[in-house]
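Whatever order the structure lists ligands and atoms in, that order sets their numbers, starting from 1.
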Amino acid sequence: MTMKRIGLVGARGYVGEELIRLIARHPHVELGFVSSRERDGERVADHVAGFDGDLRYRNIAHESLPDEAVDAYVLALPNGKAAACVEAIDSRGDTPLVIDLSADHRFDDAWFYGLPELARDRYAGERRISNPGCYASAMQFAIAPFASRLNGPVQCFGVSGWSGAGTTPSDKNDPELLRDNLMPYALTGHLHEREVGRHCATVEFMPHVAPHFRGLSITANLHLDAPMTRDEAIETARVFYAGEPLVAVRAQAPWVNHIAGRHHAEIGGFAVGDDGKRLVVVGALDNLLKGAATQAMQNLNLACGFDEFAGILPDTGPAAEGDHGA
Ligand SMILES: NC(=O)C1=CN([C@@H]2O[C@H](COP(=O)(O)OP(=O)(O)OC[C@H]3O[C@@H](n4cnc5c(N)ncnc54)[C@H](OP(=O)(O)O)[C@@H]3O)[C@@H](O)[C@H]2O)C=CC1
Ligand SMILES: CC(=O)N[C@@H](CCC(=O)OP(=O)(O)O)C(=O)O
């Protein structure tokens with residue numbers, strides 16, 4: 001099989017680092033370039049534990065992206081930076097694959113919204129793939145099995161590790177402000193509220209950031225149109241995700257420290273109110289993996305015609321030893 005060469009734009013970030021590791025272990029893809037302004041000329045091996053080789057970060061202006069001999073570009077830049085890159089890449093004229101991890105194309109009908117477990121059947125060879133947001137992925141995994149049975153908006157309470165706020169300094173990734181703390185933010189109108197509303201169901205989302213580094217949890221409060229027992233809810237979710245290696249359905253509510261460093265998402269809890277019409281489902285995933293880099297690799301595999309889980313499974317990450325499932 002011919003190796004595909006990948007250009008990674010925004011490789012210094014937390015997500016970029018995970019993508020470097022995933023691409024390095026993938027059997028059919030290799031890194032063509034990794035870009036960072038701050039680390040220009042520095043060896044990747046000096047920054048990414050476990051990475052071997054002499055590859056160096058390069059500061060590549062977006063105008064120069066088309067000159068790079070790669071088959072696909074993966075954009076892991078802050079929001080608002082993708083358009084200039086895509087415009088430059090378009091000038092190549094051969095429509096290379098672009099996967100954008102930012103929020104910039106999640107509301108753009110010209111792009112495929114790549115939440116594989118819920119959307120892969122609709123993939124029609126698009127060369128432009130928008131990767132979903134981290135909380136938005138967890139919310140959709142929790143809600144989707146019940147989406148046709150909702151009676152009103154879903155309330156979602158979310159808590160994320162601070163890596164979700166990226167490397168640009170802010171209150172949300174300041175260890176001093178986060179010490180012994182839980183920081184609410186964007187309590188109405190968070191972008192992922194709109195994202196889930198567009199792609200799955202209407203939600204009212206209340207995010208928080210916590211002192212841990214990686215992994216997030218969302219607790220979804222669903223109002224159903226007809227009563228359901230807890231066993232029916234669990235069975236509904238199990239049938240919905242049957243055969244999905246990256247979405248595990250548990251009876252117990254998942255814990256963030258069990259999925260941090262793992263490639264899969266978990267949903268569980270399934271508490272039912274007295275009238276059977278209120279169902280609470282908890283979803284958890286690693287925001288840097290299933291909430292970002294792992295999902296991007298699934299999308300890359302899908303678009304390249306590889307096995308969707310190539311380079312991802314078996315899960316050999318540091319947290320993968322033993323079965324942490326409840
Ligand atoms: N962190 C998370 O949990 C998740 C993040 N995402 C999305 O993935 C993308 C990357 O996230 P994350 O790794 O956390 O982000 P970071 O802020 O950690 O990294 C951003 C990267 O972009 C580069 N960069 C920063 N500012 C600019 C700029 N003005 N112009 C060009 N390059 C710039 C940085 O390198 P340098 O400054 O050296 O050039 C760095 O490589 C974002 O769009 C984010 O929204 C999606 C899901 C989850
Ligand atoms: C803790 C924290 O700040 N999390 C980020 C979400 C990370 C993510 O998925 O980002 P994008 O949708 O921007 O790609 C936030 O709430 O904006």
Side-chain angles (χ1 to χ4, degrees), residues 7-21 33-42 44 47-48 56-65 74-85 88 99-107 113-115 130-140 156 158-174 177-178 182-187 189-196 198-199 205-218 256 260 265 285-296 299:
L8 176 55
V9 186
R12 175 179 62 81
Y14 295 129
V15 174
E17 180 172 333
E18 296 297 343
L19 283 163
I20 288 173
R21 285 203 191 88
F33 70 82
V34 293
S35 80
S36 159
R37 300 160 309 167
E38 198 174 299
R39 292 186 183 163
D40 187 24
E42 296 177 26
V44 173
H47 291 281
V48 179
R56 288 173 190 270
Y57 297 94
R58 289 164 54 208
N59 181 2
I60 303 175
H62 58 79
E63 298 87 349
S64 302
L65 289 173
V74 176
L75 309 181
L77 295 169
N79 291 339
K81 304 290 171 199
C85 297
I99 297 178
D100 180 10
L101 283 106
S102 81
D104 293 359
H105 295 101
R106 295 182 198 150
F107 301 88
Y113 180 71
L115 189 54
S130 176
N131 227 55
C134 49
Y135 291 118
S137 298
M139 286 192 270
Q140 289 177 84
C156 289
V159 180
S160 173
W162 57 265
S163 61
T167 56
T168 303
S170 74
D171 286 359
K172 289 192 287 155
N173 55 22
D174 180 333
L177 294 179
L178 286 167
L182 185 64
M183 196 183 287
Y185 67 100
L187 293 174
H190 189 284
L191 191 134
H192 294 191
E193 181 176 275
R194 286 200 290 125
E195 185 178 331
V196 177
R198 179 178 171 97
H199 296 286
F205 176 47
M206 295 151 285
H208 299 68
V209 63
H212 66 280
F213 178 66
R214 64 194 298 162
L216 65 77
S217 175
I218 64 93
V256 163
L285 51 74
D286 186 320
N287 51 297
L288 301 179
L289 294 176
K290 189 63 176 137
T294 302
Q295 208 123 266
N299 284 323

What's the verdict on side-chain contact (heavy atoms from CB on, under 4.5 Å) for Ser137 and His192, showing C-alpha distance, side-chain angles and the deciding distance? CA-CA 9 Å; Ser137 298; His192 294 191; over 6 Å; no

Test side-chain contact (heavy atoms from CB on, under 4.5 Å) applied to Phe205 and Leu191, step by step: CA-CA 9 Å; Phe205 176 47; Leu191 191 134; over 6 Å; no

Evaluation steps, side-chain contact (heavy atoms from CB on, under 4.5 Å), between Leu101 and Leu19: CA-CA 11 Å; Leu101 283 106; Leu19 283 163; 3.9 Å; yes

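With respect to atom 14 (O) of ligand 2, the closest heavy atom belonging to the protein is Arg106 NH2, 2.6 Å. Asn287 O, 3.5 Å is the protein heavy atom nearest to atom 48 (C) of ligand 1. Counting only heavy atoms of the protein, atom 13 (O) of ligand 1 lies nearest to Val15 N, 2.9 Å. At the top of the distance list for atom 29 (N) of ligand 1, counting protein heavy atoms only, stands Lys81 CE, 3.2 Å. For atom 17 (O) of ligand 2, the closest non-hydrogen atom on the protein side is His190 NE2, 3.6 Å. Nearest protein neighbour of atom 13 (O) of ligand 2, counting heavy atoms only, is Asn79 ND2, 2.9 Å. The single protein non-hydrogen atom nearest to atom 12 (O) of ligand 2 is His192 NE2, 2.5 Å, given as residue, atom name and distance. Leu101 O, 4.0 Å is the protein heavy atom nearest to atom 6 (N) of ligand 1. Of all protein heavy atoms, the one closest to atom 8 (C) of ligand 2 is Cys134 SG, 3.3 Å. In terms of protein heavy-atom proximity, atom 16 (P) of ligand 1 is nearest to Thr167 OG1, 3.4 Å. Nearest non-hydrogen protein atom to atom 1 (N) of ligand 1 is Ser163 O, 3.1 Å. In this structure, the protein non-hydrogen atom closest to atom 15 (O) of ligand 1 is Gly166 CA, 4.1 Å. For atom 3 (O) of ligand 2, the nearest protein heavy atom (residue, atom name, distance) is Lys172 NZ, 2.7 Å. Nearest to atom 1 (C) of ligand 2 among the protein's heavy atoms is Tyr185 OH, 3.4 Å.
Near Asn79, with a cut-off below 4.0 Å to any heavy atom, the atoms of ligand 1 are 43 (O), 45 (O). Of all atoms in ligand 2, listed by their number and element, those nearer than 4.0 Å to a heavy atom of Ser160 are 1 (C). With ligand atoms numbered from 1 in the order given, ligand 1 contributes 21 (C), 22 (O), 41 (O) to contacts under 4.0 Å with heavy atoms of Gly10. Close approach of ligand 1 to Ser36 is summarised as follows: ligand atoms under 4.0 Å from at least one heavy atom of the residue are 36 (P), 38 (O), 39 (O). Atoms of ligand 1 found under 4.0 Å from any heavy atom of Tyr14, numbered from 1 in the order shown, are 13 (O), 18 (O). If you number the atoms of ligand 2 from 1 as listed, the ones under 4.0 Å from a heavy atom of Gly133 come out as 9 (O). Less than 4.0 angstrom separates some heavy atom of Ala165 from each of these atoms of ligand 2: 1 (C), 2 (C), 3 (O). If you number the atoms of ligand 1 from 1 as listed, the ones under 4.0 Å from a heavy atom of Ser102 come out as 43 (O). Interface of Leu288 with ligand 1, defined as ligand atoms under 4.0 Å from a residue heavy atom, comprises 1 (N), 2 (C), 3 (O). Contact atoms of ligand 1 toward Ala292: 47 (C), 48 (C) (distance under 4.0 Å to a heavy atom of the residue).
Looking at Ser35, Pro78, Gly13 and measuring to atom 22 (O) of ligand 1, the nearest heavy atom belongs to Pro78. Remark: among candidates Val34, Asn59, Leu77, the nearest residue to atom 42 (C) of ligand 1 is Leu77, based on non-hydrogen atoms. When the heavy atoms of Ala61, Ala76, Ala84, Ala136 are ranked by distance to atom 21 (C) of ligand 1, first place goes to Ala76. Relative to atom 35 (O) of ligand 1, the option among Arg39, Glu42, Gln295, Arg12 with the closest non-hydrogen atom is Arg12.
Residue contact annotation: Leu101 has a non-hydrogen atom under 4.0 Å from ligand 2. The closest approach between a heavy atom of Glu195 and any atom of ligand 2 is not below 4.0 Å. Look at Gly291 and you'll find a heavy atom under 4.0 Å from some atom of ligand 1.
With a heavy-atom cut-off of 4.0 Å, Ala165 does not touch ligand 1 at all. Of all the heavy atoms of Ala11, the ones lying under 4.0 Å from any atom of ligand 1 belong exclusively to the backbone. Contacts with ligand 1 closer than 4.0 Å are made by heavy atoms of both the backbone and the side chain of Arg37. Proximity of Tyr135 to ligand 2, defined as any heavy-atom pair under 4.0 Å, is confined to the side chain (atoms from C-beta onward).
Within the 4.5 Å cutoff, the side chain of Pro184 has heavy atoms near those of the His208 side chain. Within the 4.5 Å cutoff, the side chain of Lys172 has no heavy atoms near those of the Trp162 side chain. Using a 4.5 Å heavy-atom cutoff, the side chains of Arg39 and Val34 are not in contact. Contact check for His212 versus Val256: side-chain heavy atoms found under the 4.5 Å cut-off. Looking at Ile60 and Val9, their side chains never come closer than 4.5 Å, going by heavy atoms from C-beta outward. For the pair Lys81/Ser102, no side-chain contact is recorded, criterion being any heavy-atom separation below 4.5 Å from C-beta on.
Using bins of under 30°, 30° to 60° and over 60° for the plane-to-plane angle, the ring pair Tyr185/Tyr135 lands in the tilted bin.
The distance from atom OG1 of Thr294 to atom CG of Asn299, rounded to the nearest 0.5 Å, is 11.0 Å.
Between the side chains of His47 and Glu42, at least one donor N or O sits under 3.5 Å from an acceptor N or O. For Glu38 and Tyr57, the side-chain atoms include no donor-acceptor pair closer than 3.5 Å.
Remark: side-chain polar atoms of Asn79 are paired, donor with acceptor, to backbone N or O of Ala103 under 3.5 angstrom. Side-chain atoms of Asn287 come within 3.5 Å of backbone atoms of Gly215 as a donor-acceptor pair (strictly under, hydrogens ignored).
Ligand 2 has an N or O atom lying under 3.5 Å from an N or O atom of Gly164, backbone or side chain.
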